[in-house]
Amino acid sequence: MAVGGSRRGDRSRAGLLVLIVAVLQAACPAEALENGLARTPPMGWLHWERFLCQIDCSHDPRQCISEKLFMQMADLMVSEGWRDVGYQYLCIDDCWMAPSRDEQGRLQPDPKRFPSGIAKLADYVHSKGLKLGIYADVGNKTCAGFPGSYGYYELDAQTFASWGVDLLKFDGCNCNTLELLAEGYKTMSRALNKTGRSIVYSCEWPLYQRILQKPNYTEIKQYCNYWRNFADIYDAWNSVKNVLDWTSHNQEDITDVAGPGGWNDPDMLVIGNFGLSWDQQITQMALWAMMAAPLLMSNDLRHISSASKALLQNKEVIAINQDSLGKQGYQITEEDGFELWERPLSGGAYAIAIVNRQEIGGPQTYKFSLAFLGSGLACNPACSVQQILPTSRNLGLQNWVSFLKVLVNPTGTVLLKTVVI
Ligand SMILES: *[C@@H]1O[C@H](CO)[C@@H](O)[C@H](O)[C@H]1NC(C)=O
Ligand SMILES: *[C@@H]1O[C@H](CO)[C@@H](O)[C@H](O)[C@H]1NC(C)=O
Ligand SMILES: *[C@@H]1O[C@H](CO)[C@@H](O)[C@H](O)[C@H]1NC(C)=O
C-alpha cells in the first residue's frame with residue numbers, strides 16, 4: 001500500500017503513508033516461524049539451475065547429481081572463501097532419491113548417486129563448518145517424479161533429522177487441492193519442529209497457491225522461513241528481468257511481511273554461468289541484496305571466473321543483503337527506462353539501486369534528488385554516499401537538496417549506500 005502509493009502518486013503524501021505503515025509495523029510485526037532460524041536471509045549453494053537432474057553418473061560423473069559433486073562443492077566453499085563470507089548451506093534439490101521408499105516406508109537416496117548415504121554426506125559437510133539442505137515435495141510425487149511426502153510428513157521429517165539435515169526445500173508439485181497444499185505445508189512445519197532439530201524450512205506454497213487464490217503471507221510466515229512466489233529462474237536476462245518485474249508489480253503484497261525469520265525467495269543466483277552479461281550479473285547481485293533475498297548460488301564453483309567470484313563475495317553487497325533491520329527494499333519509481341529502488345537499512349542508512357532497463361545504446365546518465373529517498377529522511381539534513389557497484393567509490397558528503405548523477409550501462413545497475421549524518 002505505502003510502497004505502491006509512492007510509485008504512483010504524490011510523493012509527500014506517499015511519504016507520510018510510509019511513515020504511518022512503518023509505525024504500525026513496529027507496533028505489531030508479522031510473527032515469524034518460531035525456530036530461531038533465518039534471522040537474516042540464508043546464504044548457500046543449491047544444485048538445481050546449473051545441474052538439474054537428467055545427467056546419468058555413468059555417462060558424465062563430473063556433472064551428475066551425486067555425493068561426489070556435493071563433497072567437491074563443500075571443499076571449494078571452504079578453500080575458496082565462500083563459507084567465510086557467509087555462504088553456509090549446501091543444498092540438494094530434486095533427483096537425489098531412489099524411485100521408491102524402503103520397507104519401513106522411509107525415503108532413501110539413489111544408491112548410485114549417493115552410495116554412502118545422506119547421513120555420511122551430512123557428517124562430511126558439517127566437518128567443513130557448513131550445513132546440508134535437502135529437497136522433498138508436499139504432494140504425491142516430486143516435480144521430477146520421485147516419491148512425494150504426502151502421507152509421510154512425520155516420517156520424512158524424522159528421517160531428515162536423523163540424517164543431520166539442516167534445511168528442507170519443500171516443493172509443491174503433484175498436490176491435488178489448495179486445502180491439501182496448505183495442510184501439507186503446515187503439517188510439515190509442525191513435523192520439523194517436533195523432531196527437535198533446527199531445520200530451516202523453505203516453502204513454495206504461495207507459488208502453487210497464487211494461480212487460484214491470493215496467498216495469506218501473514219500465515220505463510222508463521223510456518224515457513226522463506227517462500228518462492230514466482231516461476232523457476234533460468235540462466236538468462238529475460239528470466240532475471242521477469243523476476244524483478246513480478247516483484248515490483250506485487251510489492252504491495254509481499255514487501256512488508258519480509259523480516260527476520262521469514263523472507264520472499266526470488267530463486268537462485270545464476271551469476272557465474274553462461275547467460276548473463278557482466279552488467280546483468282551486477283544487476284542480479286545488487287537487486288537480490290535490495291530484495292533481502294536468500295543468496296543461493298547455482299553455479300559450478302570448480303569453474304567460475306574471478307570477476308563473478310568477486311561479485312558474489314563482495315562484502316559490502318552481502319552486508320546490505322544481511323542487514324539486521326531485515327526490511328525488504330522496493331521500487332520507488334520507474335521512468336524513462338530507469339528503475340529506482342531503495343532499501344532501509346539499520347542505523348538510518350539506505351541502499352539505493354538504479355537499474356538501466358534500456359537494451360539499446362550505451363551508458364546513460366540518471367539524475368535524481370536525494371530528497372526523494374527514504375520519504376525525505378535518507379539524507380536529511382546531510383549524508384555520506386558510497387557507490388558499491390559496479391565499482392567501489394566514495395561520492396562524498398551530500399545534503400537534502402543535492403542531486404546525484406550516475407552513469408548506468410544498459411541492463412546494468414549502480415548500487416549506492418547513504419548514511420545520514
Ligand atoms: C518448536 O516450536 C516452539 C514454539 O512453538 C519453539 O519454542 C521451539 O524452539 C521450536 N523447536 C524447533 C526445534 O524448531
Ligand atoms: C495423492 O493421491 C491419492 C490417491 O489418488 C489422493 O487421494 C490424494 O488426494 C493425493 N494427495 C495429494 C496431496 O494430492
Ligand atoms: C491471514 O492469516 C492470519 C494468521 O493466520 C489471520 O489472522 C488472518 O485473518 C488471515 N487473513 C485473511 C484475509 O484470511
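Just so we're clear, the structure is a prediction, and the values are computed from it rather than from any experiment. Each ligand, and each atom within it, is numbered from 1 in the order the structure gives.
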Inter- and intrachain pairs under disulfide bond (SG atoms under 2.5 Å apart), touching residues 279-321, at least two apart:
none
Quick one: side chain to side chain contact (heavy atoms under 4.5 Å, CB included) partners of Glu179, sequence neighbours excluded?
Thr177
Sub-4.0 Å heavy-atom contact, Lys194 with ligand 1:
no
Exactly which residues line ligand 2, taking a heavy atom under 4.0 Å from it as the test?
Asn140, Tyr150, Asn174, Cys175, Asn176, Leu180
What do you reckon, does Ser198 have a nitrogen or oxygen under 3.5 Å from a nitrogen or oxygen of ligand 1?
no
Can you classify the ring geometry of [X] versus [Y] as parallel (below 30°), tilted (30 to 60°) or perpendicular (above 60°)?
X      : Y      : result
Tyr185 : Trp205 : parallel
Phe338 : Tyr366 : tilted
Phe160 : Trp163 : tilted

Without hydrogens or angle criteria, can the side chains of Trp45 and Asn299 be said to hold a donor-acceptor pair below 3.5 Å?
yes
Could you check whether Gln328 and Trp263, counting side-chain N and O atoms only, form a donor-acceptor pair closer than 3.5 Å?
no
Give the numbers and elements of all ligand 3 atoms closer than 4.0 Å to a heavy atom of Asn216.
1 (C), 2 (O), 3 (C), 8 (C), 10 (C), 11 (N), 12 (C), 14 (O)
Distance filter under 4.0 Å to Gln222 heavy atoms, resulting ligand 3 atoms:
4 (C), 5 (O)
Atoms of ligand 1 less than 4.0 Å from Gly196 heavy atoms?
13 (C)
Going by the atom numbers of ligand 1, which of them fall below 4.0 Å from some non-hydrogen atom of Asn35?
14 (O)
Just jot down the disulfide bond (SG atoms under 2.5 Å apart) partners of Cys203, sequence neighbours excluded, or say none.
Cys224
Result for salt bridge (Lys or Arg N to Asp or Glu O under 4.0 Å) between Arg357 and one of Glu339, Glu335, Glu334 points to Glu339
Heteroatom distance test (Thr218, ligand 3): nitrogen or oxygen, under 3.5 angstrom
no
